[in-house]
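Reading through the structure tokens given below for one structure.
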Amino acid sequence: MNQEAIQTKMRQRAKELLNSGAVTMVLGWEAGTFWYQSTPILIRQAEDADKLVWNDFCQNNLSKYLLDFRFTNEKIALFLKGCDSRAFNRLLQDKQIEREKTYIIGIPCEGMKDHRLAQSKNEGDDLPLAKICQSCRYPNPVIYDELLTEEVTPRQKIVDFSDVEAIEQMSADERYEFWQKEHTKCIRCYACRNVCPACNCRKCIFDQATSGWNSKDVNASENQFYAMTRAIHIAGRCIECGQCEYVCPANIPIMLMNKKLIKDIDLLFGDYDAGLSIEGQPPLGHFEKDDPEEFM
Amino acid sequence: MKRVGVFICHCGTNIAASVDCAQVAENLKGYPNVVFSTDYKYMCSEPGQEMIKETIKREKLDRVVVASCSPRMHEPTFRRCIADAGLNPYLLEMANIREQCSWVHPHDMERATAKATDLVKMAVAKVSHDAPLAKSFSPVTKRALVVGGGIAGIQTAIDIANNGYQVDILEKQPSIGGKMAQIDKTFPTLDCSACILTPKMVEASSHPNINLITYAELEKVEGYVGNFDVTIRRKARSVDLNKCTGCGTCWGKCPTKVDSEFELGMTKRKAIFTPFPQAIPNKPVIDREHCLKFKTGKCGLCQKICPTGAIDYTQEDELVTTRYGAIVMATGYELFDHSVYGEYGYGKYPDVITGLHFERLINASGPTMGKIKRPSDHTEPKNVVFIKCVGSRDETKGKAYCSRTCCMYTAKQATLVREKIKDSNVYVFYMDVRTPGKGYEEFYNRTTETYGAHYIRGRVSKITQDGDKLRVRGEDTLLGRPVEIEADMVVLATAMVANADAAKIAQLVGFSYDKDDFYTESHPKLAPVETHTAGVFLAGACQGPKDIPDSVAQAGAAAVKVCALLSKDMLETEPITSEVDTKTCAGCGHCVDVCPYHAISLTTIEERLLGQTITRSVANVNTSLCQGCGACTVTCRSSSINLRHFTNEQILAEVDALCQTIQNK
């Protein structure tokens, strides 16, 4: 099914769901300010359903927006790509949303286009897939109530860690210099955190000014501490949607750090893909009586 | 502004030999919040403690730092000391400048002094952030569980019961008695093992305060000191203990014969059986794996002939949960599997047996009615070789440790061979002879001098089967020449090892064990029967190889500890537990899943949000169950769960203090 057909069906289903009263709102994407940017939209009226779009730039992970409706009793329909659906499971597993209050319309996804490159091109020009989509292993929603189209074939079967391995090859000094350079660019806007489905704390540690962990100063040292803490906080929980990197205004390779932790956790605890199911617990999130105590 | 007093201890020369204590005290003068700083030879001494108390009053101190040994040694001492002077006992910090400084840096006073200064500064920073804490109380269930019904378990139970407390003995076998029931004579007095054990077994079974739970296993342990909720699996016995009189008709008629575990396979038992004649309870169980009724559905003979109708094929395993105040582990040991020793025939030569086989062979109620006979052809052996340290003191194939009992039981068995077979020759291959017990050395001397056992210092390199003889080759290292003995029987003194399921059971109950799976005592010298888990104690060989006298002594010690615990109506509980900040807690429940003590659960709270009442989940800590391990605090990304006395703020204050001194260098 081509994009336009999907978009038509998308609008049609949104109308039906709103008209029938099955849901009180629908989360989707609408055309953004620029042609290479589609932005999330929340519609409550069936007549607004025609604002919904499906194109090469529906990057935003809509699951995260459910957090804004944690304490309402509304039933929400939302469109989820493969990565978004893993985010949905992330939030379910973290007990932040309720499955019964949602209606998931899954969209098997062919991949989004590189929106950064698009900025220097014209509409209609050929564009490569976004970096995160090039190595996508789960383009089909893993949790849904209905699917809009047939499932698609995953582009990759195993995680491509070549970028992580390149960093691992560096000497400690080179690596330090690499990250120092990257993190110096950080303006601490926290967009990466705000967009991350694994970052679902009620009050983020970086918003607790008196906690003493991290000051508000924007400098290499504090930025690095922020970056490392953020990565560690989502270790074993990252669902690889790449939203952090997508929204970063400083173009910091944030997924590289997330992937390093995924690689290490796979090595230490066996292969684990977060958000595929809500069964069991993340590798770092549970206790077994036979957990090794090599340090004791 | 806090008023912190700093007290630097010399610990004689333990600290003062490598740390300039006066200099450390001097360095702390003028440090933020420090109003007093001094050093003294022994802070823990009476005058040392008096000085702290007087200084608290004179200088109006509100917090105290003692820099001395590990808090594991003297934290209780100094907490009591400052409490005597009117301070909350939790407004104390100890800087460990002995184990973590002077002892590990003995040759560099300048840097050791600098490090000690840093450690004390960190303690000052932490104590300045410490908050007063109060202990709370929880009730004590006045009932104990003894896991294991061998001599250690039986003795522990009798001693507890005699103090007036209820005790349950949990035994996985159908009868209590353990390994001691299999042993023939006991060293160094040569009194009959059964003769001294069975009265204890009877006492345990008839004691009004003791309840036997045989043929049962631990399933689950929850709770904490004073209130353990223990679930026990009572395995289906297929025999109703209330109806059975132990008449023995059933096992007389049972057609199925199975190798007897008690006789180490040297004779047969029936599918419905008691393990040995003096078993307690002397009521059988059906071995469902071999019983025809269970295998084929036919037979049912025992049920037909049972005069009291006690046989019940429909019985199922039963799970029973009981609350206990204390648990004693007395699960005993197993013998090392010598089949790893190729040079001794990989366990394939029938006349190469273990010491325990020998005990059964020489026992009057054993398979040979007490006549020493070779398992292969039932002839009386003339030349008997004993090999010690099979699996013990052998890191490559066995265990590094000494099994402690083998020297003595080998001497005993050598004596018994010489006594029963007058024209026999006994050879004992040994590495060392270790006899550190009362009357042990004398017994060993009698074995060699009166009974003429030949002791050969050296290891056996090879045993080969040569016709109906065994050829034992070794070296006499004292004479420096090879020896070869034509033996009729070889007895291996196999090592005592932890039970195969020892680690699993320790994990289930929740205490630690060592690399050999023996249970770890809380302190090797000063707390030998305690574990690191409050309310769980150790008796007998589950803690390490032990002979009967030591096991019985340890049983008594464990019983006293249990009684001391059960004598209290209420237990003080440590206030160092986790607490939840419900304002920031998102209720993700990760702390619930990482808590090893099941102390955290999710609970629902109501709150006002934008003019409406909402409900949401937050974590909730059961402070009686919380052991203060801190696993939850590192799992919580928003720092919404904090461990009292080790809060993020307190630890960060320490880190800051350290970083500041590094910055200044």
Side-chain angles (χ1 to χ4, degrees), chain A residues 67-74 90-98 193 196-215 221 225 229-238 274 278-296, chain B residues 129 220-221 503-515 520 532 581-598 600 602 607-610 612-619 629 631-632 634-640 642 647-653 655-656:
Chain A
L67 289 183
D68 292 341
F69 304 97
R70 251 186 289 205
F71 302 115
T72 66
N73 285 318
E74 290 181 279
R90 162 86 284 120
L91 293 168
L92 269 186
Q93 205 172 24
D94 292 346
K95 300 184 179 63
Q96 298 306 309
I97 55 173
E98 289 161 64
R193 173 202 68 182
C196 175
C199 284
N200 49 43
C201 284
R202 196 173 153 81
K203 185 141 176 103
C204 175
I205 189 74
F206 298 108
D207 290 338
Q208 298 177 35
T210 56
S211 73
W213 287 113
N214 204 187
S215 87
S221 157
F225 190 81
T229 310
R230 190 207 58 79
I232 292 284
H233 277 193
I234 65 161
R237 302 169 58 250
C238 171
I278 58 164
E279 298 300 313
Q281 288 296 330
L284 302 183
H286 62 124
F287 172 84
E288 296 291 340
K289 283 190 169 154
D290 55 357
D291 277 349
E293 294 185 301
E294 283 148 5
F295 52 93
M296 303 259 300
Chain B
H129 287 78
K220 192 164 77 177
V221 177
K504 202 184 99 206
I505 291 189
Q507 288 163 10
L508 198 145
V509 181
F511 58 88
S512 49
Y513 48 93
D514 65 21
K515 65 177 182 9
T520 312
H532 285 300
D581 182 352
T582 54
K583 287 198 301 298
T584 56
C585 173
C588 71
H590 282 251
C591 53
V592 176
D593 296 314
V594 296
C595 178
Y597 306 99
H598 308 296
I600 311 179
L602 288 178
E607 131 187 315
R608 295 288 285 173
L609 181 77
L610 303 173
Q612 291 196 319
T613 301
I614 58 147
T615 57
R616 63 183 179 93
S617 275
V618 291
C629 72
C632 54
V634 292
T635 303
C636 183
R637 298 175 290 281
S638 60
S639 287
S640 300
N642 244 316
T647 63
N648 289 328
E649 293 70 31
Q650 289 162 354
I651 290 168
L652 274 175
V655 174
D656 279 348

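Here is how names work: the chains are called A, B, and so on, in the same order as the sequence lines, proteins then strands, and each is numbered from 1. Computed from a predicted structure; not experimentally measured.
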Enter the distance from B/Arg637:CZ to A/Ile234:CD1 here, rounded to the nearest 0.5 Å. 10.0 Å

Taking side chain to side chain donor-acceptor pair (under 3.5 Å) as the test, write out the residues that go with B/Glu607, two or more places apart. A/Arg202, B/Arg616

Separation between OG of B/Ser638 and CD1 of A/Ile205, rounded to the nearest 0.5 Å: 7.0 Å

Only one of B/Cys629, B/Cys632, B/Pro596 forms a side chain to side chain contact (heavy atoms under 4.5 Å, CB included) with A/Phe287, so which one is it? B/Pro596

State the NZ-OG distance between A/Lys203 and B/Ser639, to the nearest 0.5 angstrom. 12.5 Å

Quick one, B/Ser617 with A/Lys95, criterion side-chain contact (heavy atoms from CB on, under 4.5 Å). Give me CA distance, side-chain angles, the key distance, then yes/no. CA-CA 9 Å; B/Ser617 275; A/Lys95 300 184 179 63; over 6 Å; no

Measure B/Leu602 against the heavy atoms of chain A and call it side chain, backbone, both or neither at under 4.5 Å. side chain

Ranking B/Cys636, B/Gly587, B/Cys591, B/Ala631 by heavy-atom pairs under 4.5 Å to chain A gives rank one to B/Gly587

Sort B/Lys504 into side chain, backbone, both or neither according to what part of it lies under 4.5 angstrom from a heavy atom of chain A. neither

For A/Leu284, is it the side chain, the backbone, both or neither that has a heavy atom under 4.5 Å from a heavy atom of chain B? backbone

Counting only non-hydrogen atoms closer than 4.5 Å, does B/Cys585 touch chain A with its backbone (N, CA, C, O), its side chain (CB onward), both, or neither? backbone

A/Gln281 side chain vs B/Val594 backbone, donor-acceptor pair below 3.5 Å: no

Who among A/Asn200, A/Asp94, A/Ile232, A/Thr229 has the most heavy-atom pairs with chain B under 4.5 Å? A/Asp94

The interface call for A/Asp207 against chain B, heavy-atom contacts under 4.5 Å, is neither

Under a 4.5 Å heavy-atom cut-off, does chain B meet the side chain of A/Arg230, its backbone, both or neither? neither

Please round to the nearest 0.5 Å and tell me the distance separating atom SG of B/Cys595 and atom NE2 of A/His286. 14.5 Å

